[in-house]
Amino acid sequence: MTAPNENLYSLFESRFPADRSRPFLEIPGGKTWSYADLKAESGRIANRLRALGVTPGERVAVQVEKSPEALFLYLACLRAGAIYLPLNTAYKAGEIGYFLGDSEPRVFVCDPAAEAEARDLAEKSGVAHVETLGADGTGSLTEGAAAEGSDCETAPAKADDIAAILYTSGTTGRSKGAMLSHGNLASNALVLHEAWGFEPSDVLLHALPIYHTHGLFVATNTVLLNGTAMIFLAKFDPRQVMDLLPRATVFMGVPTLYVRLLEQEDFGAETCRAMRLFVAGSAPLLPQTFEEFSARTGHTVLERYGMTEAGMITSNPLRGERIAGKVGPPLPGVQARVADENGNILKTGEVGILEIKGPNVFKGYWRMPEKTAEEFRPDGFFITGDMAVIDEDGYVAIVGRSKDLVISGGFNVYPKEVELAIDALPGVLESAVIGLAHKDFGEGVTAVVKVEAGAALDEAGIIAAIKDELAMFKVPKRVFFIDELPRNAMGKVQKNALRERYAGTYDSSGGR
Ligand code: AMP
């Protein structure tokens with residue numbers, strides 16, 4: 001007897017609707033792709049990747065705009081047994097150079113406008129092939145795929161084989177590639193599909209980027225398991241979302257998207273009349289957003305908590321109380337506990353670092369065995385780095401981060417990386433980067449800088465100088481100048497003191 005294929009695509013395919021002409025994707029303007037189209041298009045692209053010499057386990061790095069074809073490329077990588085490596089579209093050349101050098105992909109798929117730069121970077125890193133894919137689905141990748149047949153055998157895979165690598169920002173400024181296996185992704189998708197009660201009549205309105213775990217895995221994989229349709233938007237635009245919500249039943253967003261919707265005066269119960277479920281996560285949903293959303297629409301947002309390394313970890317219940325400021329109990333199959341820095345397990349109600357274990361937890365950081373070992377306890381629990389408390393009902397609340405991670409608009413920014421970029425500017429002596437409460441973004445990246453006496457540096461100049469080097473979401477929204485950074489006895493910059501001093505920066509129109 002042959003072992004079942006544990007390739008994630010095979011699981012999806014086993015759940016596709018019997019009638020393959022049923023819709024999978026629809027984009028504004030009415031163009032649709034059925035499940036039969038999904039199969040044919042992903043098959044052609046998988047065959048093209050194979051023709052380029054991609055073999056199972058090899059990486060395919062992708063930095064492209066969101067499009068149906070980009071999603072088919074993800075599925076094609078699964079089918080070819082390749083490791084899908086999506087990159088944030090905001091990353092600049094310096095960052096991409098690092099990812100290509102570190103992951104050594106066989107193919108790099110980029111936006112047509114970035115082709116010349118991509119070829120240059122690919123050559124330096126020894127990447128064999130550069131292909132292009134534009135926002136409208138055209139480019140060398142789809143041209144090449146069009147010449148291929150659509151029949152494609154899905155590569156055999158074991159649950160432990162790596163399906164994707166997603167880079168997370170590193171605390172030391174170096175990004176780490178989180179290796180997620182077919183089994184990790186399958187278990188999390190199955191659990192969420194069940195926990196959130198997906199139904200045959202569901203239609204998901206997809207307005208998230210697809211280079212991040214939220215839009216790529218949480219939203220897309222649950223729909224694929226459900227065999228139903230999604231309305232797929234290139235970007236989040238509150239007016240467009242409001243126009244389409246009456247045709248949708250499920251929406252997933254980072255908290256910023258909910259804030260944006262609530263800014264629309266005419267957003268309310270009428271717009272949400274067909275909706276079954278609103279899910280929020282990737283950053284804390286402020287209790288006032290939760291309350292206002294409920295008052296305006298009659299819907300209680302379901303907040304869940306997760307991270308790149310583990311997919312979804314906890315979720316407020318579908319049936320049962322959804323509590324503002326809490327992220328719910330661990331999902332079925334996931335164990336969670338709170339411990340101190342040394343790994344001593346703390347009691348219910350005590351604040352400490354959240355540690356987790358389960359089939360969703362990643363296989364480690366790409367080519368960083370030591371870093372991986374540091375983040376796991378001997379009994380297999382992963383140290384999330386999030387400060388949390390678990391109450392008597394088992395609900396988890398995330399109260400902060402043990403490291404100084406800033407989350408702005410749902411994107412993680414590790415201060416160290418931004419500090420290094422600022423410190424490299426002529427005239428800068430040192431800097432500290434902190435996150436400050438921001439109405440729209442959750443937190444606003446903020447720099448506090450000490451400069452040489454007489455240095456001709458101003459706020460706009462510093463922002464302009466690092467804009468070319470760092471993705472926009474990492475660039476500070478405000479830069480303050482200081483004579484001395486406050487430090488403790490150990491010489492460590494006291495970021496808490498800075499956060500207190502500049503608190504309220506983004507309370508009014510003063511913040512950008
Ligand atoms: P990422 O790997 O980009 O998904 O970021 C993961 C981090 O986002 C987690 O470690 C948390 O710090 C944060 N996060 C995700 N969801 C929530 C939530 N619902 N509440 C608070 N923080 C969250």
Side-chain angles (χ1 to χ4, degrees), residues 86-88 90-91 164-171 175-180 184-185 188 192 196 208-219 221 252-259 278-290 293 300-317 322-331 334 336 338 351-356 360-362 365 375 382-390 395-415 417 435 437 441-443 471 473-474:
L87 294 166
N88 190 324
Y91 286 138
I165 295 178
L166 269 64
Y167 276 90
T168 67
S169 311
T171 35
S175 288
K176 301 168 284 181
M179 299 188 286
L180 294 151
N184 291 148
L185 300 176
N188 210 230
L192 294 177
W196 295 343
L208 289 163
I210 55 166
Y211 48 73
H212 185 268
T213 184
H214 197 168
L216 181 63
F217 299 139
V218 183
N221 289 356
M252 297 186 186
V254 297
T256 312
L257 305 197
Y258 289 99
V259 172
F278 286 97
V279 178
S282 293
L285 181 75
L286 295 178
Q288 64 253 43
T289 311
F290 177 93
F293 200 89
T300 321
V301 178
L302 182 153
E303 185 176 10
R304 92 300 179 278
Y305 154 77
M307 63 199 306
T308 302
E309 288 92 333
M312 296 306 100
I313 299 164
T314 71
S315 172
N316 273 287
R322 300 179 198 165
I323 304 177
K326 298 202 175 181
V327 293
L331 284 158
V334 181
V338 169
V351 175
I353 302 170
L354 191 72
E355 298 185 351
I356 56 160
N360 53 319
V361 177
F362 74 138
Y365 295 111
E375 301 203 8
F382 172 63
I383 307 163
T384 63
D386 287 311
M387 305 294 296
V389 56
I390 306 181
Y395 278 57
V396 176
I398 304 296
V399 298
R401 292 175 291 275
S402 64
K403 294 155 199 156
D404 274 323
L405 176 72
V406 179
I407 302 188
S408 189
F411 292 118
N412 289 1
V413 182
Y414 279 89
E417 192 183 4
F441 293 99
E443 287 181 302
F473 66 84
K474 299 179 191 168

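Order of listing sets the numbers, starting from 1, for every ligand and every atom in it. Values in this document were obtained by computation on a predicted structure and should not be read as measured data.
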Open item on the list: Closer than 3.5 angstrom, by distance alone: can the side chain of N360 be matched with the main-chain N or O of A310 as a donor-acceptor pair?
Closed with: yes

Open item on the list: I'd like to know whether the aromatic ring centres of F362 and F382 sit less than 6.0 Å apart in this structure.
Closed with: yes

Open item on the list: Restricting to ring-ring contact (aromatic ring centres under 6.0 Å, His included), what partner residues turn up for Y305, sequence neighbours left out?
Closed with: none

Open item on the list: As a test of reading the model: which residues have a non-hydrogen atom less than 4.0 Å away from ligand 1?
Closed with: H212, T213, S282, A283, P284, E303, R304, Y305, G306, M307, T308, V327, D386, I398, R401, I407, N412

Task: Electrostatic pair R322:E303 at N-O distance under 4.0 angstrom - done: no

Open item on the list: Can you tell me how the ring of F411 sits relative to the ring of Y211, calling it parallel under 30°, perpendicular over 60° and tilted otherwise?
Closed with: parallel

Task: Test side-chain contact (heavy atoms from CB on, under 4.5 Å) applied to E309 and N184, V361, T168, the passing residue - done: T168

